[in-house]
Amino acid sequence: MLVIAWFDAHRRDLPWRAPDVTPWGVLVSECMLQQTQVDRVVPRWQAWMHEWPTPAALAQAPVADVLRAWQGLGYPRRALRLHATACALVDTWGGQVPESEPDLRALPGVGSYTAAAVSAFAFGRPAVVLDTNIRRVLARAWTGVAGPKAHQTRDELQLAAGLIDEHTGAAWSAAVMELGAVVCTARSPHCDQCPLAHRCAWLAAGRPDNGPVRRAQARFAGSDRQARGALLRAVSAAEGARAPELARAWADAEQRERALAGLLADGLVVRTPAGYALPAQH
DNA sequence: AATTCGTGGAG
DNA sequence: TCTCCAAGAAT
């Protein structure tokens, strides 16, 4: 197939693609890559795998250490869930990563995409992988629209399933995902370098701006998300953080209280006699 | 089903 | 500067 040949020639040398990487390594990479760019993940994945090379190793680590190792990647609840997944793997899977999508899907922080990705990329199964890159390539080359809809559709899943079936499963998914990531990009796609250019419906139509209108992302500056991040860093830096440290981290009192309540509810921060702290155990 | 959840790079 | 968007998941 065209895209697989293209992939063989152009694939990036990402560390989790090395031949000796374990299914656990693949799972860790997929969790880190949820809404976080590849370039930011690479060094963190390497450090993480050095520190916790197996599910058993991560399961034994204090949650506070896990959260600190995650700092900077964003969405720290993912770190909590990855730790919980490590515990589940030890408790019910003998410290191994299961191969089937339903079994993977039952793990904390593993949704439909991650389950399919691990099943395909760690075990070579022909799972139907649908991430933002593959969805964009399908939308353009096959459907002739500039971009995918906000949410997955049945048609999309069926289209991908048919293509997976007709090609060599995991390799096809890896190739199309890579194509979407480096050639068929959201912003300014490099159609001159695309192996599908000669048969791309969107390119043939003159690259029309006919994609679905997407709702604008809420601004980050001054958001609750930013407040949570600032507070979590403050708690992480000063075990036993009290009011002054928190106020220094985020000035607006009302928003600070709301964000702190959220962090406590999520289990990212706990109350201790010494003040607020990262959780020791989960 | 629509919201919420971090952070940073690129245009 | 500001906007977009990034290998999504949970609720």
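All values reported here derive from a predicted model rather than from experimental measurement. Each chain gets a letter, A, B and so on, in the order the sequences are listed, and its residues count up from 1.
The gap from the P atom of C:dT11 to that of B:dG6 amounts to 14 Å, rounded to the nearest Å. Taking the P atoms as reference points, C:dA7 lies 24 Å from B:dT4, given to the whole Å.
Side-chain N/O atoms of A:R135 include none lying less than 4.0 angstrom from OP1 or OP2 on C:dG8. A sub-4.0 Å separation between OP1 or OP2 of C:dA9 and a side-chain N or O of A:T114 is present.
Residue A:T185 is the one, among A:G109 and A:T185, whose nearest nucleotide of DNA chain C lies closer to the 5' end (criterion: closest heavy atom). If A:M177 and A:V110 are placed on DNA chain C by their nearest nucleotide, the residue sitting closer to the 5' end is A:M177.
For A:W48, the ring-ring contact (aromatic ring centres under 6.0 Å, His included) partners at least two apart in sequence or on another chain are A:W52, A:W70. Remark: A:R248 engages no residue in a side-chain hydrogen bond (donor to acceptor under 3.5 Å, both in side chains) (not counting sequence neighbours). Partners of A:W45 according to the ring-ring contact (aromatic ring centres under 6.0 Å, His included) rule, which considers only residues two or more places apart in sequence or in another chain, are A:W16. Annotation: ring-ring contact (aromatic ring centres under 6.0 Å, His included) contacts of A:H190 (sequence neighbours excluded): none.
Between the side chain of A:S223 and the base of B:dG6, no donor-acceptor pair under 3.5 Å is found.
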For a quick test of your reading: what N or O donor-acceptor pairs under 3.5 Å do the side chains of residues 25-36 of chain A make, sequence neighbours left out?
residue, atom, partner, partner atom, Å
A:S29, OG, A:V26, O, 2.7
A:E30, OE1, A:Y113, OH, 2.7
A:Q34, NE2, A:G109, O, 3.2
A:Q34, NE2, A:T114, OG1, 2.9
A:T36, OG1, A:L73, O, 3.1
A:T36, OG1, A:R78, NH1, 3.4
A:T36, OG1, A:R78, NH2, 2.9

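Look at OH on A:Y113: it is 18 Å from C1' on C:dA10, rounded to the nearest Å.
Residue contacts for A:S112: at a heavy-atom cut-off of 4.0 Å it reaches the sugar-phosphate backbone alone, with no base atom in range. Residue A:R215 is classed as a sugar-phosphate contact, given heavy-atom separations below 4.0 Å to backbone atoms only.
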Produce the list of close N/O pairs, under 3.5 Å, pairing protein atoms with atoms of nucleotides 7-10 of chain B; give distances to one decimal.
residue, atom, partner, partner atom, Å
B:dT7, OP1, A:R233, NH1, 2.7
B:dT7, OP2, A:R233, NH1, 3.3
B:dT7, O2, A:R40, NH1, 2.6
B:dG8, N2, A:Q37, NE2, 2.6
B:dG8, N3, A:Q37, NE2, 3.3

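A:Y276 and A:R271 share a donor-acceptor pair across their side chains, judged by distance under 3.5 Å alone.
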